[in-house]
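Have a look at the structure below, then the notes.
Note that the structure is a prediction, hence the values are computed from the model and not measured.
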Amino acid sequence: MVYITSWDDFVERSVQLFRADPEKASTRYVMKYRHSDGKLVLKVTDDKECIKFKTDQAQDAKKMEKLNNIFFTLMSRGPDADISEVGGKEQMEAQAPKKGRGRKQ
């Protein structure tokens, strides 16, 4: 097991690990949160290599959401999918038109 300290390195190596053997579909992504310690551990493994990222920062939750979206994209569209335009919740909300029953002007 290797703990990676840089978030960008963790994301890059996680994507590489998934794309290395997508046919086997054995790459797993695990999130573990310990409330008592306030620590979040993300783990990506393919049973041969295991990489981990540990944090106690609350703002890393948004980064984790973006990583989830990257893996959803890779798993649904295939390993050759373009992940450069995958974003987090804020980007999705900015693109969606606002609909509501507000006051007409």
Side-chain angles (χ1 to χ4, degrees):
M1 282 185 270
V2 177
Y3 277 101
I4 298 182
T5 56
S6 167
W7 174 257
D8 294 329
D9 290 341
F10 176 74
V11 171
E12 183 180 328
R13 289 193 52 193
S14 299
V15 170
Q16 286 175 357
L17 191 62
F18 178 79
R19 286 182 170 166
D21 195 7
E23 298 300 319
K24 204 171 178 186
S26 64
T27 304
R28 293 185 310 280
Y29 169 53
V30 180
M31 296 176 285
K32 183 177 175 183
Y33 179 70
R34 291 190 50 154
H35 184 71
S36 61
D37 297 335
K39 294 198 186 296
L40 174 71
V41 177
L42 305 174
K43 178 171 91 170
V44 179
T45 183
D46 66 350
D47 292 333
K48 296 174 192 164
E49 183 179 358
C50 178
I51 55 175
K52 288 184 167 187
F53 178 78
K54 183 174 17 176
T55 184
D56 58 356
Q57 302 297 314
Q59 65 261 22
D60 286 340
K62 293 186 188 281
K63 293 178 184 178
M64 181 197 66
E65 182 180 356
K66 184 174 180 181
L67 183 64
N68 282 341
N69 290 339
I70 288 172
F71 275 114
F72 288 149
T73 301
L74 289 172
M75 291 178 187
S76 62
R77 295 184 190 166
D80 298 326
D82 181 23
I83 59 170
S84 63
E85 52 197 44
V86 174
K89 187 176 180 182
E90 303 84 23
Q91 193 174 23
M92 298 285 228
E93 288 175 352
Q95 292 173 355
K98 300 276 185 189
K99 293 182 181 179
R101 298 175 19 183
R103 194 171 128 202
K104 293 182 181 179
Q105 295 183 13

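Leu42 has its side chain out of reach of Lys32: every pair of non-hydrogen atoms, C-beta onward, lies at least 4.5 Å apart. Residues Thr27 and Thr45 form no side-chain contact, since every pair of their non-hydrogen atoms from C-beta on lies 4.5 Å or further apart. Looking at heavy atoms from C-beta onward, Asp47 lies in side-chain contact with Arg28 at the 4.5 angstrom threshold.
Cluster membership check: Val30 does not share its hydrophobic cluster with Phe18, using side-chain heavy-atom separations under 4.5 Å among Ile, Leu, Val, Met, Phe, Trp and Tyr. Connection of Met31 to Ile4 is established within a shared hydrophobic cluster, with ILVMFWY side chains joined at heavy-atom distances below 4.5 Å, either directly or through further cluster members.
Evaluation of the salt bridge (Lys or Arg N to Asp or Glu O under 4.0 Å) rule for Asp56 yields no partner, not counting sequence neighbours. Residues satisfying the side chain to side chain contact (heavy atoms under 4.5 Å, CB included) test with Ser36, not counting sequence neighbours, are Arg34. For Tyr29, the ring-ring contact (aromatic ring centres under 6.0 Å, His included) partners two or more places apart in sequence, or in a different chain, are Phe71. Remark: Gln57 pairs with Thr55, Gln59, Asp60 by the side chain to side chain contact (heavy atoms under 4.5 Å, CB included) rule, at least two apart or across chains.
Expressed to the nearest 0.5 Å, how far NZ of Lys48 lies from CG of Leu17 amounts to 10.0 Å. One finds the NZ atom of Lys62 at 11.0 Å from the CE atom of Met64 (value rounded to the nearest 0.5 Å).
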Sequence neighbours excluded and cut-off under 3.5 Å, please list the side-chain donor-acceptor pairs for residues 6-15, or say none.
from: Arg13; atom 1: NH2; to: Glu49; atom 2: OE2; distance (Å): 2.9
from: Ser14; atom 1: OG; to: Phe10; atom 2: O; distance (Å): 2.7

